[in-house]
Amino acid sequence: MSQPSNSAIPRVRFAPSPTGFLHVGSARTFIFNWLYSRRNHGTMILRLDDTDVERNTDASVQSIFEGLKWLGLGWDEEYKQSERLELHRKIAWSIFNKGLAYRDFTPAHTSDSEKSGPTKFDPKDLRVDTFISPGSVAVRITHLPSGTVVVSKDEKSESKNREQALLMLREQLNEGGRGTWLFNPGMPELSREESDRRAAAGEPFALRFRVPRSTVVRFTDAVYGEQMKAGADIEDFALLRSDGMPTYHLASCADDADLRISHIIRGQDHLTNTFKHVLIFGAAGYAPPQFAHLPLLVAPDGTKLSKRRHGPVVSVTTYRDAGFLPQAFINFLCLLGWSPKDDRTKMSQEELINAFSLEGINRANAVVNFKEIAPGDGFREKVAVAAGIPWPPEETFDPKAVWLNAEHIRGLAIEGLSERLLPIVREQFPNATPEKMLRVTPLIRERIKLLRDVLTAADFFFLDQLPPYAPAELIPQKGDAAMALKVLQKAQELLPNVEFKHDPLDYALRAAAQELGVKAGQMFQPIRVAVCGRKNAPPLFETLEVLGKETTLRRLGLAVEKMGQVASR
RNA sequence: GGCGCUAUCGUCUAGGGGUUAGGACGGAAGAUUCUCAAUCUUCAAACCCGGGUUCGAUUCCCGGUAGCGCUACCA
């Protein structure tokens with residue numbers, strides 16, 4: 001029997017199953033594993049848990065790699081479960097040979113509870129009614145052939161109620177509501193001879209773990225502490241499916257044992273599964289590794305994150321595409337369910353590594369505080385995208401994530417930020433040069449929260465022609481059209497002779513304001529609008545300096561024209 | 001239904017038998033400023049409920065409630 005490699009270097013793994021895109025919860029699990037391995041000079045392993053052939057997709061594998069690549073954290077070893085099936089089977093049969101597992105010839109349930117609904121019932125046999133109940137939508141299902149009626153109204157959502165109702169119906173219909181399922185009758189007791197005979201005859205079977213009913217299974221979780229569960233409460237779970245494929249539990253444990261994983265850091269949804277895993281490790285002759293379960297990430301409504309219900313905010317690539325810095329995203333995720341126990345929030349990768357410990361992990365679920373995009377908002381999306389408005393809107397992200405991102409952006413050197421901004425700008429303005437970008441960046445660094453904001457914050461630097469704006473925009477505070485015109489004309493008159501540098505511009509325009517008898521702000525505002533096309537923009541002199549004399553004068557001319565038309569009316 | 005886990009401002013959290021229960025985001029107000037940001041200052045905002053233990057519980061114990069998870073030949 002091997003020992004958990006406490007003394008050796010820690011080995012941790014991230015083991016996603018490629019059944020969907022990489023979502024934020026998985027990303028956080030990856031990050032915590034990574035931090036633990038780096039903190040303790042251990043090994044980070046990526047293992048694709050792809051034993052569910054039915055649901056695995058290449059697209060999902062792509063999405064996971066894409067997301068992980070963006071995070072930029074990396075790993076040391078990589079495995080695919082589907083390439084290690086022999087190992088899994090070998091371990092399963094070794095457990096069988098010790099008498100700790102048995103063949104179950106009961107036909108498989110026909111996929112009981114798929115998301116789309118029950119397949120066990122013929123839809124024609126069911127009448128489903130919904131009605132409003134306090135806080136949610138209640139569901140009543142009538143099973144026509146038997147006349148059985150069930151109502152679920154206590155769940156939070158219609159879908160949950162529907163699920164619950166189906167469950168209740170099934171229980172009422174199945175031999176008058178049996179208790180908790182532990183094993184299929186007759187199967188654990190099958191003699192070895194009969195079992196072998198039926199198997200040899202080609203009868204399909206699943207291999208099930210023989211859970212010892214009289215024992216108590218224990219383990220110590222690094223986050224949740226001492227855990228114990230009576231064997232009488234653990235069902236005889238499957239190890240091998242009737243097609244010979246290993247189940248998740250078996251494959252996962254077999255690989256964790258074989259890969260000498262020392263610490264399993266994963267979502268809390270596996271906490272109760274861990275009792276089964278401890279059983280498998282023991283039966284296979286291995287000491288179980290150290291477990292550490294992470295609190296779940298949930299949506300503002302308390303339910304677990306799902307793309308269907310909560311939209312694109314649960315997918316890692318959405319954050320990437322909206323212009324989050326990976327470092328900021330990582331920082332944000334770390335603060336969900338973990339705390340450095342001091343008052344730091346903005347943390348660099350180094351700081352995170354140094355501060356990370358399993359002790360800092362919290363036990364309660366953490367809400368990702370995004371605003372839901374209602375599923376029916378496909379229309380809104382289309383409108384927004386067509387109008388060039390960024391999608392999804394900023395409010396759909398957790399405000400703390402956005403703030404943290406702005407904070408990391410501000411912490412970036414001009415050169416570094418400029419390099420990240422340029423490709424985004426170039427998508428819309430192919431002519432943008434690195435030199436220009438470098439000059440624009442300092443003017444917007446404090447003004448953008450997401451990288452994509454560069455497009456709205458700095459558009460006028462790259463645009464040939466300003467989008468149309470209302471002439472009234474040109475009128476300064478406590479001023480009128482005449483004042484705007486006066487100011488613009490004055491600027492037009494003196495700017496050709498001014499050097500386009502901050503100080504000379506400052507001096508010249510302030511002097512002009514005094515000369516005209518207007519306040520500095522009243523002088524600057526019309527010029528700003530003339531040149532930027534809007535009131536809110538970076539400081540004027542720096543902006544003019546970057547824009548250059550030619551563009552400035554051209555835009556001033558256009559503004560004078562515009563103002564002139566208004567004034568003459 | 002069974003089993004398990006959890007419960008501090010709206011959100012993320014610190015704390016812990018005696019505290020004005022701390023920080024951050026978000027919100028409000030103000031300062032600064034050529035606008036917008038950034039920055040700074042200030043304010044509002046929380047210990048789920050009920051018992052017990054105790055001189056004293058938000059903190060420890062029990063119960064309740066609520067939420068979540070697992071209860072598949074999914075992972």
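Below, chain A is the first sequence line, B the second, and so on; all start at residue 1. Reckoned from all heavy atoms, side chains included, excluding hydrogens, waters and symmetry mates.
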Indicate every side-chain donor-acceptor pair of residues 203-214 of chain A with a distance under 3.5 Å to a residue at least two apart or in another chain.
unit_1 : atom_1 : unit_2 : atom_2 : d
A:E203 : OE1    : A:R198 : NE     : 3.0
A:E203 : OE2    : A:R198 : NE     : 3.4
A:E203 : OE2    : A:R198 : NH2    : 2.6
A:R208 : NE     : A:D104 : OD2    : 2.6
A:R208 : NH1    : A:D236 : O      : 2.8
A:R210 : NE     : A:G99  : O      : 3.0
A:R210 : NH1    : A:P188 : O      : 2.7
A:R213 : NH1    : A:G231 : O      : 3.0
A:R213 : NH1    : A:I234 : O      : 2.6
A:R213 : NH2    : A:D236 : OD1    : 2.5
A:R213 : NH2    : A:D236 : OD2    : 3.4

Please report the distance separating the [atom1] of [N] from the corresponding atom of [M], rounded so that it comes out in whole Å.
| N | M | atom1 | answer |
| --- | --- | --- | --- |
| B:G27 | B:U11 | C1' | 12 Å |
| B:U6 | B:C74 | C1' | 25 Å |
| B:G22 | B:A14 | P | 15 Å |
| B:G15 | B:U8 | P | 14 Å |
| B:C70 | B:A75 | C1' | 12 Å |
| B:U20 | B:A45 | C1' | 15 Å |
| B:C25 | B:A46 | C1' | 15 Å |
| B:G51 | B:C9 | C1' | 27 Å |

Can you list everything that forms a side-chain hydrogen bond (donor to acceptor under 3.5 Å, both in side chains) with [X]? Sequence neighbours excluded, please.
| X | result |
| --- | --- |
| A:T19 | none |
| A:N369 | none |
| A:Q514 | none |
| A:R218 | none |

- Query: Do A:H277 and A:H249 have ring centroids that are under 6.0 Å from one another?
  - Reply: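 Yes: the rings meet the under 6.0 Å criterion.
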
- Message: I'd like to know whether the aromatic ring centres of A:Y102 and A:F183 sit less than 6.0 Å apart in this structure.
- Response: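 Between A:F183 and A:Y102, which both carry aromatic rings, the centre distance is not below 6.0 Å.
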
Now, which nucleotide makes the Watson-Crick or G-U wobble pair with [N], with each of the two distances under 3.5 Å?
| N | answer |
| --- | --- |
| B:C25 | B:G10 |
| B:A37 | none |
| B:C70 | B:G2 |
| B:A46 | none |

- Can you list the residues that meet the salt bridge (Lys or Arg N to Asp or Glu O under 4.0 Å) rule with A:D342, with sequence neighbours excluded?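 So A:D342 forms a salt bridge (Lys or Arg N to Asp or Glu O under 4.0 Å) with A:R344.
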
- Can you run down the ring-ring contact (aromatic ring centres under 6.0 Å, His included) pairs that involve residues 518-540 of chain A, sequence neighbours left out, and say none if there aren't any?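 The answer is A:F524-A:F541.
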
Solution key, residues 400-407 of chain A side-chain donor-acceptor pairs under 3.5 Å, sequence neighbours excluded:
unit_1 : atom_1 : unit_2 : atom_2 : d
A:N405 : OD1    : A:L325 : N      : 2.7
A:N405 : ND2    : A:G323 : O      : 3.1
A:N405 : ND2    : A:K449 : O      : 2.7
A:E407 : OE1    : A:R410 : NH1    : 2.6

- Polar pair under 3.5 Å, donor/acceptor by atom type, side chain A:R528, base B:C34: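 Side chain to base: pair present.
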
- Look at the side chain of A:S242 and the base of B:C73, then say whether one donor and one acceptor between them are separated by less than 3.5 Å.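 Looking at the base of B:C73, it does pair with a donor or acceptor on the side chain of A:S242 (distance under 3.5 Å).
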
- Query: Tell me the side-chain hydrogen bond (donor to acceptor under 3.5 Å, both in side chains) pairs involving residues 526-546 of chain A, sequence neighbours left out?
  - Reply: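 For residues 526-546 of chain A, and leaving out neighbouring residues, the side-chain hydrogen bond (donor to acceptor under 3.5 Å, both in side chains) pairs sorted by first residue read A:D459-A:R534, A:Q525-A:R528.
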
Report, one pair per line, the protein and nucleotides 24-28 of chain B atoms (nitrogen or oxygen only) whose separation is under 3.5 Å.
unit_1 : atom_1 : unit_2 : atom_2 : d
B:A24  : N3     : A:K400 : NZ     : 2.8
B:C25  : O2'    : A:K400 : N      : 3.3

- Message: I want to check something: taking the side chain as every heavy atom from C-beta on, are A:F500 and A:L505 in contact at a cut-off of under 4.5 Å?
- Response: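 Counting from C-beta outward, A:F500 and A:L505 do come under 4.5 Å.
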
- Give, ordered by number, those residues of residues 215-228 of chain A having at least one heavy-atom distance below 4.0 Å to an atom of RNA chain B; if nothing qualifies, reply none.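 Result for residues 215-228 of chain A: A:Y224, A:Q227, sorted by number.
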
What N/O pairs connect the protein and nucleotides 59-65 of chain B at under 3.5 Å? Give each pair on its own line.
none

- Whichever of A:E446 and A:R28 has its nearest RNA chain B nucleotide further upstream toward 5':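 Result: A:R28.
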
- Item | Upstream residue (5' side of RNA chain B) when A:Q81 and A:R344 are each assigned their closest nucleotide |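 Its nearest nucleotide lies further toward 5', so the answer is A:R344.
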
- Rounded to whole angstroms, how far apart are CG on A:L271 and P on B:C3?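 Distance, rounded to whole Å: 16 Å.
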
- Message: Could you tell me how far apart A:L182 (CG) and B:U71 (C1') are, to the nearest whole angstrom?
- Response: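 My rounded result for the distance is 10 Å.
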
